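Below is one structure, written out as structure tokens, with a few remarks after it.
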Protein chains: 2
Amino acid sequence: MLTRTAADLGAVIRDRRKRLKLDQSTLAKKVGVSRQWLIEVEHGHPRAELGLILRVLDALGIKLDADSNPSAGRGVPKTAVDLDAIVAKAKKGKP
Amino acid sequence: MLTRTAADLGAVIRDRRKRLKLDQSTLAKKVGVSRQWLIEVEHGHPRAELGLILRVLDALGIKLDADSNPSAGRGVPKTAVDLDAIVAKAKKGKP
DNA sequence: TCCGAATGTCAGCGTTCGCTTACATTATCA
DNA sequence: TGATAATGTAAGCGAACGCTGACATTCGGA
């Protein structure tokens, strides 16, 4: 699933946890966080620590893929422009 | 790229930023964070806020994909077990 | 070589985290 | 229906966040 917000990530986590038939207490203990924290994260807490989030994803076997090249898919070929060229031109044109 | 740690994510961010020919100040302003923060994140700060991280990824056009079903690929078919069955049996066997 | 820009570091400050503990509220099943 | 587990909420506390501002250090081009 594509995740753009903390709520998205929280949903993924909760989903996976339930699919694995784990309760919050068990998962929290397994990961090394408080149950309290897990609750807030599953609800989409945006200020949670990155590291703890990553630990949870790992514990649940969720792979996180950061795709730096969005145009790779068969979607709209957005990045048909040459950023380098644009920047270079901008530098020259506006001294 | 597969990211399991904050350092991984930091590397992806820095990479993408440079590829886009942006300096830290510019990106920071664009995202709405301090340059200070960006520096720490690019260095792999694990306690950064999830929400801010997501904002940066978004601003850089980096898509985050959370794959809840790792066994989908052609890797080791780990989850050949029926968790439901196991749990059910455990409940019966230990009243 | 030298100068400016980009990057990294430091200190201080108000805010918020994540933790613990205890108590509601809501499933879930015999 | 009633009991037990699972989930959600609240308050209080030490620690760390992210910010501002100023100052090193390194990089890149003339």
Side-chain angles (χ1 to χ4, degrees), chain A residues 5-60 83-95, chain B residues 5-60 62 82-95:
Chain A
T5 69
D8 291 343
L9 230 17
V12 168
I13 290 175
R14 160 158 286 188
D15 234 66
R16 182 76 173 148
R17 175 177 64 79
K18 292 211 160 179
R19 217 175 284 278
L20 258 43
K21 294 279 191 290
L22 297 173
D23 58 76
Q24 299 174 335
S25 297
T26 306
L27 178 56
K29 196 165 297 185
K30 192 186 176 97
V31 176
V33 297
S34 68
R35 188 173 67 90
Q36 186 65 298
W37 181 86
L38 229 202
I39 291 174
E40 292 183 0
V41 164
E42 288 191 349
H43 284 205
H45 186 43
R47 320 190 58 162
E49 286 185 14
L50 174 62
L52 298 183
I53 295 286
L54 292 175
R55 287 231 301 269
V56 173
L57 295 180
D58 219 51
L60 291 174
L83 283 183
D84 286 25
I86 292 178
V87 174
K89 185 172 280 188
K91 269 195 173 177
K92 282 206 171 183
K94 198 188 170 192
Chain B
T5 70
D8 291 343
L9 229 18
V12 169
I13 289 174
R14 160 159 287 189
D15 234 65
R16 182 77 171 148
R17 175 178 64 78
K18 292 211 162 180
R19 219 175 282 280
L20 258 43
K21 294 279 189 292
L22 297 172
D23 59 77
Q24 298 174 335
S25 297
T26 307
L27 177 57
K29 196 165 295 184
K30 192 184 176 100
V31 175
V33 297
S34 68
R35 187 173 68 89
Q36 185 66 296
W37 181 87
L38 229 203
I39 291 174
E40 292 183 2
V41 165
E42 289 191 349
H43 285 198
H45 187 42
R47 317 190 59 161
E49 286 186 14
L50 174 62
L52 298 182
I53 296 285
L54 292 175
R55 288 231 300 270
V56 172
L57 295 180
D58 219 51
L60 290 174
I62 299 176
D82 187 343
L83 282 183
D84 287 25
I86 292 179
V87 174
K89 184 171 281 188
K91 270 197 172 175
K92 282 207 169 183
K94 198 189 170 191

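Below, chains carry the letters A, B, ... as their sequence lines are ordered, and counting in each starts from 1. Computed from a predicted structure; not experimentally measured.
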Rounded interatomic separation in angstrom, taking CD1 from A/Ile53 and P from D/dC17:
16 Å

Separation of C/dG8 atom P from B/Leu38 atom CG, nearest Å, is 10 Å

Closest approach to the side chain of A/Ser34, judged atom by atom: which nucleotide of C/dC17, C/dT20, D/dG18 is it?
C/dT20

Quick one: are B/Leu27 and B/Leu60 in side-chain contact, heavy atoms under 4.5 Å?
yes

Could you pull out the closest heavy-atom pair between A/Leu22 and A/Arg17, with the gap in Å?
O-NH1, 2.9 Å

Which heavy atom of A/Leu54 sits nearest to which heavy atom of B/Thr5, and what is that distance?
CD1-C, 3.4 Å

Can you check the B/Leu27 CG to C/dT7 C1' distance for me, whole Å?
14 Å

D/dG21 C1' sits how many Å from B/Gln36 CD, rounded?
10 Å

Using a 4.0 Å cut-off on protein heavy atoms (strictly under), produce a 5'-to-3' string for nucleotides 2-8 of chain D with B for base contact, S for backbone-only sugar-phosphate contact, and - for none.
----SBB

Report the distance from atom CG of A/Leu52 to atom P of D/dC17, rounded to the nearest whole Å.
11 Å

State which residues pass side chain to side chain donor-acceptor pair (under 3.5 Å) with A/Arg55; sequence neighbours excluded, sorted by chain then number.
none

Which whole-number value in Å describes the distance from A/Trp37 CH2 to C/dC17 P?
13 Å

Under 4.0 Å from OP1 or OP2 of C/dC17: is there any side-chain N or O of A/His45 that close?
yes

For the student: nearest non-hydrogen atoms of B/Ala6 and B/Gly44, plus distance
CB-O, 3.4 Å

For the student: nearest non-hydrogen atoms of B/Ala59 and B/Val31, plus distance
CB-CG2, 3.7 Å

Can you measure A/Glu40 atom CD to C/dT20 atom C1' for me and round it to whole angstrom units?
13 Å

Between B/Lys29 (NZ) and D/dC19 (P), how many Å, whole number?
14 Å

